[in-house]
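The block underneath contains the structure these notes are about, expressed in structure tokens.
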Amino acid sequence: MPARVAAEIAALPEPRGPMRRLCGDLARRIRLLAPLLQQLQGALPLADALGAARDLLRAVHDGSKIYQAMRGDGLLDRFASVNRQIQLALDALPYHTFDMPEEVQEQVALVHSQFKRAATRTDPPDAQLSKDISSALADKTFDPLVFTRISEKLQLQTMADIKKESVALHEMVISSGGEPDGCVEEMSSLLKKLKDCVITEKAPAPETLTARSASIKHRSPIIPDEFRCPISLELMQDPVIVSSGQTYERSCIQKWLDSGHKTCPKTQQPLSHTSLTPNFVLKSLIAQWCEANGIELPKNKANSRDRKSAKSSDYDHAGLVSLMTRLRGGNQDEQRAAAGEIRLLAKRNVNNRICIAEAGAIPLLVNLLSSSDPRTQEHAVTALLNLSIHENNKASIVGSHAIPKIVEVLKTGSMEARENAAATLFSLSVVDENKITIGGAGAIPPLINLLCDGSPRGKKDAATAIFNLCIYQGNKIRAVKAGIVIHLMNFLVDPTGGMTDEALTLLAILAGNPEARAVIAQSDPIPPLVEVIKTGSPRNRENAAAILWSLCCADVEQTRAAKAAGAEDALKELSESGTDRAKRKSSSILELMRQAEEA
């Protein structure tokens with residue numbers, strides 16, 4: 001049923017008129033729910049909400065464009081109401097428990113959050129359109145520019161459009177039993193003036209008509225707000241997430257950070273760190289939208305801009321050549337000093353990272369990873385870490401066969417070198433295919449060693465790298481076989497070590513793997529998980545509930561053990577006051593407890 005309604009919405013004509021952006025956004029979000037809707041048979045609340053969306057879109061398509069421009073407040077309220085209906089229906093739908101690929105679940109969750117925002121957001125009216133309509137109605141003089149703007153925004157540009165609008169106005173008057181909102185005289189007057197404007201326009205030649213038709217057919221659609229960078233307001237090509245949770249175009253936010261700013265541009269919230277996490281889900285949605293609308297994503301201009309601005313780097317060409325010469329053929333002291341300079345230069349700004357890489361430093365630094373001098377090795381691995389921040393340098397580093405040597409530094413280097421080797425592997429693992437390469441190079445066992453015996457910073461770097469690598473299923477098995485679960489459970493039992501957050505985050509991603517889940521179940525996990533659900537931070541309670549849910553789904557004995565450990569009351573409280581994900585997981589566990597009791 002929901003899938004059929006969604007198909008009807010997808011079949012509706014392209015939206016026109018002053019409400020076309022709202023219509024386009026609503027229809028696009030519903031299309032993105034298609035993988036979820038295919039799994040639903042009943043789901044009456046969602047089917048009803050989608051039915052309301054279909055009826056609204058049809059009403060706007062068939063309705064008067066002039067009325068929508070002059071008296072559109074009621075329609076704006078209906079759009080907010082429909083978005084709210086769909087959001088509430090999705091709130092009540094445990095789609096995280098459905099048998100869907102992880103990327104599909106993430107896509108549905110993102111669209112869910114977009115419906116939530118759309119339910120509360122009110123779009124300001126088009127000030128220029130309102131001004132033009134008021135001017136057109138008030139002035140007796142005919143201003144062609146004003147009427148051209150109105151006809152373009154209302155998309156009443158041909159006699160066929162005018163005739164359709166006249167019919168829509170007539171039907172609206174009949175259906176309302178009189179004069180709707182007391183403005184039919186003004187609407188009719190405006191329609192007549194627009195008609196005169198269309199008639200008085202010089203008829204174009206046949207070839208001009210063809211060109212105009214093609215132009216209208218290929219007119220760029222309105223970009224959804226969610227796809228625009230809050231800084232540049234342009235369509236994002238490489239969206240990344242900052243620590244505040246906001247998403248920006250990579251080049252824009254990197255410039256902001258390189259300028260010395262320490263806050264989120266949109267929220268002004270202080271940034272806890274300046275790492276940029278690629279938003280792969282949003283990037284995929286943008287690509288789908290571009291494909292559906294026949295738009296080719298403009299090529300990322302970062303490279304050309306960066307090359308033009310390379311002159312503003314901290315070294316001129318001669319200075320870089322001198323550095324490369326010392327790296328390549330100098331004695332040990334010269335190599336150490338040169339690697340140290342590159343380490344500092346690469347840390348400062350993006351232009352330095354580009355110029356250093358273009359000068360050929362990356363293969364030379366990779367060779368120095370095998371240096372017998374510990375300080376040279378530290379400088380080399382840290383310089384590669386700083387260079388890897390620039391996206392294009394990642395491929396160069398991997399292409400220089402750096403990963404096996406970085407893993408060797410992780411195994412045998414000084415503590416500082418090991419820490420920065422772990423951070424470098426994390427940076428490189430942002431590229432999906434590198435996750436497989438890094439795992440296959442044997443990185444996970446030494447990362448687990450650093451997780452256990454490293455400095456506080458080293459432990460955090462190791463945990464972050466392991467988490468990112470374990471997004472790939474094969475690395476989860478490698479981590480389990482390397483004995484990670486017992487160490488994570490020890491962190492969980494002993495919160496004084498300061499690694500509870502990391503342990504829960506890693507256990508939550510591992511628990512989705514059957515092999516890992518079996519090992520977790522053998523480690524007496526219920527008491528510490530229940531304790532976290534009772535007393536932990538919101539994020540930790542969420543992760544603890546997710547781990548417990550995975551265990552209970554696989555083994556009814558774990559469900560009974562959780563109930564015996566006193567989890568029920570804590571889960572009830574979490575189902576009411578936790579994060580959205582915590583609410584879903586705790587509610588599902590409570591249902592499993594009820595089923596276990598009835599069995």
Side-chain angles (χ1 to χ4, degrees), residues 327-328 330-344 346-347 361-389 393-394 396-430 434-470 474-475 478-484 486-488 490-491 497 499 502 506:
L327 273 185
R328 185 181 294 108
N331 59 39
Q332 191 174 82
D333 290 340
E334 288 176 330
Q335 286 183 329
R336 184 192 309 118
E341 284 185 57
I342 290 175
R343 168 183 180 171
L344 294 176
K347 185 177 181 180
I362 288 174
L364 303 176
L365 290 168
V366 170
N367 288 337
L368 291 181
L369 292 175
S370 304
S371 171
S372 59
D373 178 56
R375 195 63 181 152
T376 301
Q377 191 181 69
E378 289 170 8
H379 288 329
V381 74
T382 310
L384 289 170
L385 167 62
N386 294 335
L387 289 170
S388 73
I389 295 170
N393 288 345
K394 287 179 169 59
S396 299
I397 293 170
V398 174
S400 299
H401 308 290
I403 288 176
K405 293 187 177 183
I406 296 171
V407 172
E408 191 59 32
V409 173
L410 183 63
K411 292 177 181 177
T412 62
S414 67
M415 182 54 70
E416 180 182 340
R418 292 172 68 198
E419 291 170 356
N420 290 333
T424 306
L425 291 176
F426 165 72
S427 177
L428 297 176
S429 70
V430 167
N434 291 346
K435 293 179 175 68
I436 302 172
T437 306
I438 294 168
I444 289 178
L447 281 171
I448 294 174
N449 291 338
L450 184 62
L451 181 70
C452 297
D453 61 23
S455 65
R457 177 190 155 194
K459 289 182 178 182
K460 304 283 185 184
D461 287 335
T464 306
I466 293 169
F467 176 84
N468 216 40
L469 290 172
C470 284
N475 287 335
R478 290 189 175 105
V480 172
K481 288 181 177 178
I484 192 172
I486 187 64
H487 299 299
L488 297 177
N490 288 338
F491 287 144
M499 292 293 291
E502 290 77 9
L506 285 170

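Numbering starts at 1 and runs along the sequence shown. Computed from heavy atoms alone, side chains included, the values below leave out hydrogens, waters and symmetry copies.
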Approximate separation, where rounding is to 0.5 Å, of Asp461 CG and Ile466 CD1: 11.0 Å
Full working for side-chain contact (heavy atoms from CB on, under 4.5 Å) between Leu447 and Ile484: CA-CA 10 Å; Leu447 281 171; Ile484 192 172; over 6 Å; no
Interatomic distance, Phe426 atom CZ to Asn468 atom CG [nearest 0.5 angstrom]: 5.0 Å
Correct closest heavy-atom pair for Ala339 and Ala383 would be O-CB, 4.4 Å
d(Gln332 CD, Asp373 CG) to nearest 0.5 Å is 4.0 Å
Would you say the side chain of Glu416 lies within less than 4.5 Å of the side chain of Arg375, judging by non-hydrogen atoms? yes
Do Thr382 and Asn420 have a side chain donor and acceptor closer than 3.5 Å? yes
Glu378 side chain to Ala417 main-chain N or O, any donor-acceptor pair under 3.5 Å? no
Give me the atom names and distance for the closest heavy-atom approach of Ile444 to Ala479. CG2-CA, 3.7 Å
Determine whether a donor-acceptor pair (N or O, by modelled atom type, separation under 3.5 Å) exists between the side chain of Ser388 and the backbone of Leu385. yes
Could you pull out the closest heavy-atom pair between Phe491 and Leu451, with the gap in Å? CZ-O, 3.4 Å
Might you point out which heavy atoms bring Val381 and Ala421 nearest each other, and give the distance in Å? CG2-CA, 3.8 Å
Would you say Lys394 has more than 12 foreign heavy atoms packed within less than 6.0 Å of its NZ? yes
Between the side chains of Glu502 and Lys460, is the shortest nitrogen-to-carboxylate-oxygen separation below 4.0 Å, so that they form an ion pair? yes
Heavy-atom pair with the smallest gap, counting every atom of Lys459 and Gly454: CE-O, 3.4 Å
Tell me, do Leu450 and Pro446 make a side-chain contact under 4.5 Å, heavy atoms counted? no
Are any non-hydrogen side-chain atoms of Lys435 and Leu428 less than 4.5 angstrom apart? no
With a 4.5 Å limit on heavy-atom distance, are the side chains of Gln377 and Leu368 in contact? no
Does the side chain of Leu387 come within less than 4.5 Å of Leu365's, by heavy atoms? yes
Taking all atoms of both residues into account, what is the closest heavy-atom pair of Ala463 and Met499, and its distance? CB-CE, 4.4 Å
Side-chain donor/acceptor of Glu341 to backbone N/O of Ala338, under 3.5 Å: no
Would you say Ser429 and Asn434 are linked by a side-chain donor-acceptor pair, where the criterion is simply a distance under 3.5 Å? no
Going through the distances and angles, do Glu408 and Leu369 end up as a side-chain contact (heavy atoms from CB on, under 4.5 Å)? CA-CA 9 Å; Glu408 191 59 32; Leu369 292 175; over 6 Å; no
Pairwise side-chain contact, Thr424 with Ile397, heavy-atom cut-off 4.5 Å (strictly under): no
Distance-only side-chain donor-acceptor flag, Gln335 / Ser371, under 3.5 Å: no
Name the atoms and distances for all side-chain donor-acceptor pairs under 3.5 Å in residues 398-407, with sequence neighbours left out.
unit_1: Ser400; atom_1: OG; unit_2: Ser396; atom_2: O; d: 2.9

Under 3.5 Å: donor-acceptor pair, side chain of Arg336, backbone of Thr376: no
